Amino acid sequence: MTVRLRVAPSPTGHLHVGTARAALFNWLYARHTGGSFILRIDDTDRERSTVEFEEDILDSLRWLGLDWDEGVGVGGPHGDYRQSSRYDRYREAASSLVESGAAYYDNRTAEELEALRQRAVAEKLHPAHYIRRPEETWADGAIRMSVPQEEAVVFEDLVRGRVSFEARDIDDFVILRSDGTPTYHLASTVDDVDYGITHVARGEDLLPSTPKHIVLTRALGAAPEPEYAHLPLLFGTDGKKLSKRHGATSLSLYRDEGYLPDAVFNYLSLLGWSIDGDRTIFSRDEAIASFDLVDVSRNPAVFDPDKLAWLNGEYIRAMDPVDFARSARLHVEGAVGRSLDEGEWARFEAVAPLVQERTRLLPEAGDQVVFLFEDFAEYDPVAWDKVMAKAGVAGILSSARDRLATVDPWEAGTVEATLRGMLEEMGLGAAKGLQPLRVAITGSSVSPPLFESMSALGREKTLQRVDRAIGQLAGTG
RNA sequence: GGUCCCGUCGUCCAGAGGCCUAGGACGCCGGCCUUUCAAGCCGGAAACGCCGGUUCGAAUCCGGUCGGGACUGCCA
């Protein structure tokens, strides 16, 4: 039997990193086993579902590199893979369950039901305890499953092992609302059955729903039942379920902030799984080769932005320099505030490899090189105090200015030779003699290597900025 | 309150009775390198929640306890 897995996001928001991680594990297992990965859209919440969010989800999944074999956008033998297209099927399933006696119409009010729950709680029972088929019967209203009370629901979870729920703790849950729309439990289970899903790997928050889905699956007459794998939840750094409070939780945000899909893929795969005891960085193919749902960890994982950033830096440094320059261009132009012409682009390309080594997130690349294209408004005050407001600096700057004026040709190598000659003659250490120039050129005490920066800046601009610093020094006395 | 899940360095993982004086990674601290910052290299601090039991031997098995989490809707 060939393995079939699915991911079923609701288009009520951007693709959440938790959903992305679940999708990733499903995808890895499908690829590992040679099975199929299916994308279904659970859009039964018509109020909150939008086509924009659906597109964002598809885009994010593609960006992450998770391709699907069937589903929304690519088709397959089961229609368009949107739950909103299958209401007739869900209604039909619900009525046939009523006919078989597995489910019943329920017209009790919310107040009546709430009273039953409170009574159970008062008696220290599970709140579901008294939500059962009442004496009175109806021929319309909401439809509830009648959960068989004879035996416990027991299943072997691929990551958690044997899990069991007493039947008395499972309430007779609603499968079809009184307005004729299906609940999540019905729609999801019917789809899993109809689409021949063999493995349901999803977040642990759905573990308490699983016995309901098993009851439903059995009542639907489906065999074999799918295998379940409940993945550990993702937490924020405060140990609570990852949510918007924790900052960036949507995948598209990471894409927009200049993270690399391979790095995000690699990082996400590390949350609740590991390829072995000592490898942290590995390729998709390596992950596919080793991945198995039974190896997934049982405990929740804290999403650590620092480690993601570090990993992203590793991937950036491993990039082909040409690719890096191309990927960074957008961010450089963003930082400069306009697009670069051909000559400017060439200047960036000249220093790009040096910038690449110093970049963890693509936008940082832009910040490092704006000085090449725009005159900075003011010197960084801390840098100025620490480097420029010192005796002898004016002398260093004017001496450097004179020598730089005659450098020929204007290249990093010749600039370096000239400046090093100056340091030697003046008896200056490199740090002491060069930092003032760095601040003069870039406005900051932190920048890409100085000689290459000057070379890329050009002689004219370089001299101009040294003059500006000399002037500023004279002005402040 | 109830049901279920979970419990190894601050964090993510390795560890499936002796290979553990518990390993790797991020982060942190110190050093080297060095024109700044990174990167790189070297070194360091840092954990089996607790109590019992099984066993010649337990991070690994069992029980209890404590702690954390999820769920508890005609949301998904």
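Numbers restart at 1 for each chain; the letters A, B, ... are given by sequence-line order, proteins then strands. Every value quoted in this text rests on a predicted model; they were computed, and no experiment measured them.
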Establish whether the base of B/C74 is bridged to the side chain of A/S178 by a donor-acceptor pair shorter than 3.5 Å. yes

Counting only distance, no hydrogens or angles, is the base of B/C37 paired donor-acceptor with the side chain of A/R358 under 3.5 Å? yes

Would you say A/Q83 and A/R86 are linked by a side-chain donor-acceptor pair, where the criterion is simply a distance under 3.5 Å? no

Taking CD in A/E156 as the centre, count heavy atoms belonging to other residues, nucleotides or ligands within less than 6.0 Å. Is the count above 12?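 Yes - once you tally the heavy atoms of other residues, nucleotides and ligands closer than 6.0 Å, there are more than 12.
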
A/E424 atom CD, over 12 foreign heavy atoms within 6.0 Å: no

Identify the nucleotide, in any strand shown, that forms a Watson-Crick or G-U wobble pair with [N], with both distances under 3.5 Å; if there is none, say none.
N	result
B/U11	B/A25
B/C32	B/G40
B/U54	none
B/C71	B/G2
B/A46	none

Take atom CG of A/N266 and atom C1' of B/C12, then tell me their distance rounded to the nearest Å. 12 Å

Find the distance A/Y184:OH to B/G73:P and express it as a whole number of Å. 16 Å

The side chain of [X] lies closest to which of these nucleotides: [options]?
X	options	result
A/S447	B/U36, B/U3, B/U35	B/U36
A/S10	B/G24, B/A76, B/C4	B/A76
A/S274	B/G24, B/A14, B/U11	B/A14

With a non-hydrogen cut-off below 4.0 angstrom, is [X] in contact with a base, only sugar-phosphate, or nothing?
X	answer
A/A142	base
A/R160	sugar-phosphate
A/S188	nothing
A/R279	nothing
A/R108	base

Ring pair (Phe, Tyr, Trp, His ring centres under 6.0 Å) with A/Y267: which of A/Y315, A/Y259, A/F303, A/W310? A/F303

Between residues 114-127 of chain A and RNA chain B, which residues have a heavy-atom gap below 4.0 Å?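 Those residues whose heavy atoms fall under 4.0 Å from RNA chain B, taken from residues 114-127 of chain A in numerical order, are A/R117, A/V121, A/K124, A/L125, A/H126, A/P127.
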
May I ask you to list the residues of residues 201-213 of chain A, by number, that have any heavy atom positioned under 4.0 Å from an atom of RNA chain B? A/E204, A/D205, A/L206, A/L207, A/P208, A/S209

Distance under 6.0 Å and angle within 45° of ring axis: A/R46 vs A/Y87: yes

